[in-house]
Amino acid sequence: MKRKFIFIGSAALAALGAQAQQKPNIIYIMCDDMGYGDLGCYGQQYIATPNIDRMASEGMRFTQAYAGSPVSAPSRACFMTGQHTGHTHVRGNKEYWNNGNLKQNAYGNNAEYTVVGQEPYDTRHKIIPEIMKDNGYTTGMFGKWAGGYEGSASTPDKRGIDEYYGFICQFQAHLYYPNFLNEYSRSAGDKGVRRVTLEQNIQHPMYGPDYRKRAQYSADLIHRKAMDWLDKQTADQPFLGIFTYTLPHAELVQPEDSILLAYKNHFCQEKTFGGQQGSRYNPTQYGHAEFAAMITRLDMQVGEIMAKLEEKGLAENTVLIFTSDNGPHEEGGADPDFFNRDGLLQGKKRSTYEGGIRIPFIVRWPGKVQAGVTNDHQLAFYDIMPTFCDMAGIKNYVERYSNPQLANDYFDGISFYPTLTGEGTQQKHDFLYWEFHETNMLGVRMGNWKLVVQNGNCKLYDLATDLHEDHNVAARYPDIVKQMKDIIRREHTESNIFRVTIPQ
């Protein structure tokens, strides 16, 4: 075969560079278990979040944005795959750390698992970093992966990620001072994801009073790696940063610095927690102070990201998104009722009531997204894939990336790019859909109607007049209930791993 060489002059190269710069950079910050009301810009009165509040004042704040699921791994799967939990493969937190893979004294005197992680994403279905990388983006991910266990066919190095640092396994992320983290660097020539031992941490036990002698705090390590990666980015190539930070998820522990000290002894009512060794949650005497400080620490990190973008002259061409993976948790001593005393939403993590799935969602894009806007467009995590494609100018992504070997390669999202930019007409969902096997719950939102199903039993709420979902009106509107049950039967595909009860 003859090879044809094409020589490109300097002017053409400059034009190509300018064309590359037209694609916006994207940084997607997804924190862990932050509730809808945990930020100042969403009504929080006890916790300082000045940087995220500023981000909201400079961008668009959504009031009806939804996670993909009420827990971590499936919610992240909906973001990555553009599928809702009736279609995506990962619908729950199926773990691979508890299959007898315990190796004694692997890290000093700390017993560890030899294989950790969650159920892998279906490798036959394309995910966001693969699509973006295929269209000229360099990709970095820092934080929780939760899309496949160590050594599986779905780890960051195999799914379009150029640089990764964080927790492959979300169970490991229960420890903020872990024995190891995971890392992969394509530029450094890594062949796959590897473990990085935190040498100072392993000198002390994982549980008990001496645990606090550990000094390598994972939330800070992950953020510093993300900042190092961001500092290397230029205007010559668009980049996608997926920052899946673990704050403010349990355990409630962090460095005793000025951030934590600002909250200690601040709350007249404190929350103590005796610990839960099997879940890797260490005890705390200051649950309220620890939780508040963790959110403010996260806010500081968001501020540093914004400052770095400004410093490098990249802010104008970077879409910055902030959100949470699901509703607030009660694990490790957390007390969401204390911080959200207005009781705006019912339900927490693991629930398909509004409190378990409605999340903060903020987008800043200078020059494209109008500043200081509050928007009530209904969106869910599976809408992010088509939105990113619109941002990057990727046309016909469904046709391009559907796998013909799959009988049904679902893409459930609708781009909310027109809502962000005012360009074009915004298409709206006929319904939003959730299912979660662990609590045997489903949820459907259709306009202002909300159907909550648990153990096959249906309750209907009108969110226009009953946001807290107190008044079940299913008996008054049987036709609406039937219509929404028909949606469930149509959208649900069977899973041998994550089973739920479908209403009759």
Side-chain angles (χ1 to χ4, degrees), residues 30 66-99 115-132 134 141 144-161 164 167-171 193 242 244 325-326 350 352 357 380-386 388 397-398 400-413 432-444 487-502:
M30 180 195 290
Y66 289 92
S69 170
V71 296
S72 182
S75 191
R76 295 159 196 271
C78 292
F79 157 65
M80 283 287 198
T81 65
Q83 299 173 313
H84 64 55
T85 42
H87 292 153
T88 197
H89 174 70
V90 175
R91 306 181 192 184
N93 292 340
K94 180 175 171 55
E95 314 284 9
Y96 282 84
W97 51 265
N98 58 354
N99 293 342
V115 175
V116 297
Q118 281 67 47
E119 177 69 15
Y121 299 144
D122 188 342
T123 56
R124 298 171 298 174
H125 177 86
K126 292 297 184 184
I127 63 174
I128 281 177
E130 292 174 318
I131 293 173
M132 300 301 282
D134 190 46
M141 185 171 179
K144 282 168 61 170
W145 170 245
Y149 56 87
E150 290 175 313
S152 71
S154 184
T155 49
D157 55 306
K158 300 166 187 169
R159 305 307 305 266
I161 302 294
Y164 175 80
F167 293 98
I168 288 293
C169 174
Q170 62 188 27
F171 173 75
V193 175
I242 302 174
T244 49
D325 63 345
N326 47 248
R350 293 185 172 84
T352 59
I357 52 179
F381 276 2
Y382 42 90
D383 294 333
I384 293 172
M385 176 184 282
F388 281 8
Y397 81 98
V398 173
R400 288 177 61 186
Y401 295 105
S402 291
N403 189 336
Q405 296 178 346
L406 292 174
N408 290 295
D409 194 7
Y410 297 99
F411 291 87
D412 297 309
L432 298 173
Y433 182 89
W434 304 268
E435 59 181 61
F436 181 54
H437 77 294
E438 194 177 312
T439 49
N440 199 17
M441 294 187 76
L442 300 98
V444 179
I487 290 171
I488 292 173
R489 285 189 281 269
R490 185 174 71 245
E491 295 301 310
H492 171 75
T493 57
E494 283 299 312
S495 169
N496 293 327
I497 305 173
F498 308 104
R499 295 184 176 276
V500 292
T501 301
I502 303 301

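- Ser75 and Asp325 are not linked by any side-chain donor-acceptor pair at a separation below 3.5 angstrom, with hydrogens and angles left out of the test.
- Tested against His125, the residues Asp409, Thr88, Asn403 include a single side-chain hydrogen bond (donor to acceptor under 3.5 Å, both in side chains) partner, Asp409.
- The distance from atom CG of Leu442 to atom CD of Glu491, rounded to the nearest 0.5 Å, is 12.0 Å.
- Judged by distance alone, the side chain of Tyr121 and the main-chain N or O of Arg124 form no donor-acceptor pair under 3.5 Å.
- Ile161 and Tyr164 get closest at one heavy-atom pair: CG2-CB, 4.0 Å.
- Side-chain contact, Arg159 with Ser154: a donor N or O sits under 3.5 Å from an acceptor N or O.
- Here the straight-line distance linking atom NE2 of His87 with atom OH of Tyr433 works out to 8.0 Å at 0.5 Å rounding.
- Across all non-hydrogen atoms, the minimal contact from Gly413 to Tyr397 is O-OH, 4.1 Å.
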Problem set entry | Met30/Phe381 under side-chain contact (heavy atoms from CB on, under 4.5 Å): CA gap, chis, key distance, verdict | CA-CA 11 Å; Met30 180 195 290; Phe381 276 2; 3.6 Å; yes
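- With hydrogens and angles disregarded, a donor-acceptor distance shorter than 3.5 Å links the side chain of Lys158 to the backbone of Ser152.
- No donor-acceptor pair closer than 3.5 Å links the side chain of Thr85 to the backbone N or O of Arg91.
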Problem set entry | Check against side-chain contact (heavy atoms from CB on, under 4.5 Å), Ile128 and Phe79 | CA-CA 8 Å; Ile128 281 177; Phe79 157 65; 3.5 Å; yes
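- Heavy-atom minimum distance, Leu432 versus Ala380: CD2-CB, 4.1 Å.
- Between Ser72 and Lys144, the shortest heavy-atom contact is OG-NZ, 3.1 Å.
- Using modelled atom types, no side-chain atom of His84 and backbone atom of Trp434 make a donor-acceptor pair closer than 3.5 Å.
- Panel note: side chain Asn326, backbone Ser69; no donor-acceptor pair is recorded below 3.5 Å.
- For Phe411 and Tyr401, the distance between ring centers is not under 6.0 angstrom.
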For this session: Step by step, work out the side-chain contact (heavy atoms from CB on, under 4.5 Å) result for Phe388 and Ile131.
Result: CA-CA 10 Å; Phe388 281 8; Ile131 293 173; over 6 Å; no
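- Of the charged side-chain nitrogens involved, none lies within less than 4.0 Å of a carboxylate oxygen, so that Asp134 and Lys126 do not count as a salt-bridged pair.
- Neither side chain, Glu95 nor Tyr149, offers a donor N or O lying under 3.5 Å from an acceptor on the other.
- Not one N or O on the side chain of Glu130 forms a donor-acceptor pair closer than 3.5 Å with the backbone of Gly160.
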For this session: Starting from the C-alpha separation in whole Å, work towards a yes-or-no answer on side-chain contact (heavy atoms from CB on, under 4.5 Å) for Thr81 and Asp412.
Result: CA-CA 9 Å; Thr81 65; Asp412 297 309; over 6 Å; no
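- Within the model, atoms CH2 of Trp145 and CD of Gln118 stand 11.5 Å from one another, a figure rounded to the nearest 0.5 Å.
- Ile168 and Gly148 get closest at one heavy-atom pair: CG2-O, 3.4 Å.
- A 4.5 Å side-chain heavy-atom check between Glu119 and Tyr96 finds at least one atom pair inside the cut-off.
- Gln83 places a side-chain N or O within donor-acceptor distance of the main-chain N or O of Tyr410, the cut-off being under 3.5 Å.
- Partners of Asp157 under the side chain to side chain contact (heavy atoms under 4.5 Å, CB included) rule, at least two apart in sequence or in another chain, are Thr155, Tyr184, Val193.
- Of all heavy-atom pairs between Gln170 and Ala73, the closest is OE1-N, 3.5 Å.
- Atoms OG1 and NE2, on Thr501 and His437 in that order, are 12.0 Å from each other to the nearest 0.5 Å.
- Side-chain contact between Met80 and Met385: absent, with no pair of heavy atoms (C-beta onward) separated by less than 4.5 Å.
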